[in-house]
Amino acid sequence: MNITTAENDIEYILFNEEQIKARVTELGAELAEYYKGTTPVMTGVLNGASIFHSDLVRAYKGHLFIDFIQVSSYGTGTSSSGTITFKKDFGTDIKGKDVLIVEDIVDSGLTLKYLKEMLKDRGVKSVKTIAFLNKYECHPRELDTDFYGFKIENNFVVGYGLDYAQHYRNLPYIGVLKKQVYES
Ligand code: IMP
Ligand code: MG
């Protein structure tokens, strides 16, 4: 894989830079309204959510704390088992805090379900989730995130932080990856 040919591996662009920016601005305003009077800990899930997180916190006009976690989920092939372990835990004490978990995408929903339950056990004041993309056909409604950017169909997408084998995270748009890239 050659980084200079990254663009050639994209079937089509699903959301361009302008569409992303406009939606993130709306999400920032929605969250500021929701968290009015509180100081949420906006917690990015590394590595995928790093770019969305950095845009989202700047679109949020209000007091907040930022933190990052990194998790790994053990599953078979491309599906999540829903059992996760921390590769990097919170850098701050979250007991009694309002925590917003910021993810790149919700697919089966198992990762976020597990994280939510784990954080409740740690005595947070509240835990909510946001994913930039919502593969709405891939999880039951009770595993939906509290907030999301866009609903998408069940295609494999990359860019804006999302990867395939750690590549493509730097593409400034969300694109559908050509099937031949991962089927070959
Ligand atoms: P799940 O909701 O537990 O199934 O896992 C969600 C995770 O799967 C995300 O954080 C991504 O790392 C990964 N993922 C799911 N769908 C895609 C995709 O289309 N492109 C890139 N990563 C994906
Ligand atoms: Mg991820």
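For this chain, numbers begin at 1 and follow the sequence in order. Counting convention: from 1, in listed order, for ligands and their atoms alike.
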Can you name the nearest heavy-atom pair linking Asp67 to His53, along with the distance?
O-NE2, 3.9 Å

Please could you name the atoms of ligand 1 that Lys135 approaches to less than 4.0 Å, counting only its heavy atoms?
16 (N), 17 (C), 18 (C), 19 (O)

Here the atoms of ligand 1 under 4.0 Å from any heavy atom belonging to Thr111 are 1 (P), 3 (O), 5 (O)

Would you confirm whether Asp98, through its side chain, and Lys125, through its main-chain N or O, come within 3.5 Å as a donor-acceptor pair?
no

Note: Glu117-Lys120 ion pair, threshold 4.0 Å (strictly below):
no

On a heavy-atom basis, the closest approach of Val99 and Tyr35 is O-OH, 4.1 Å

Note: ligand 1 atoms sitting under 4.0 Å from heavy atoms of Gly109 are 1 (P), 2 (O), 4 (O)

Yes or no: does Lys113 have any heavy atom under 4.0 Å from an atom of ligand 1?
no

Could you work out, for atom 14 (N) of ligand 1, the closest of Val71, Ile105, Asn47 by heavy-atom distance?
Ile105

Would you check whether Phe156 has a nitrogen or oxygen atom less than 3.5 angstrom from a nitrogen or oxygen atom of ligand 1?
no

Contact atoms of ligand 1, heavy-atom distance to Glu103 under 4.0 Å:
10 (O)

Consider ligand 1: state whether an atom of it lies below 4.0 angstrom from any non-hydrogen atom of Val158.
no

With the threshold set at under 4.0 angstrom, would you say Ile152 reaches ligand 1 through any of its heavy atoms?
no

With a 4.0 Å cut-off, would you call Glu26 and Arg23 a salt bridge?
yes

Consider ligand 1: state whether an atom of it lies below 4.0 angstrom from any non-hydrogen atom of Gly48.
no

Ligand-side contact atoms (ligand 1) for residue partner Asp163, heavy atom cut-off under 4.0 Å:
21 (C)

Classify the ring geometry between Tyr164 and Tyr182 as parallel (under 30°), tilted (30 to 60°) or perpendicular (over 60°).
tilted

Looking at ligand 1, does Asn155 have a heavy atom less than 4.0 Å from it?
yes

May I ask you to decide whether Lys178 forms a salt bridge with Asp9, counting only side-chain N to carboxylate O separations under 4.0 Å?
no

Tell me every residue that passes salt bridge (charged side-chain N to carboxylate O under 4.0 Å, His left out) with Lys116, counting only those two or more places apart in sequence or in another chain.
Asp146

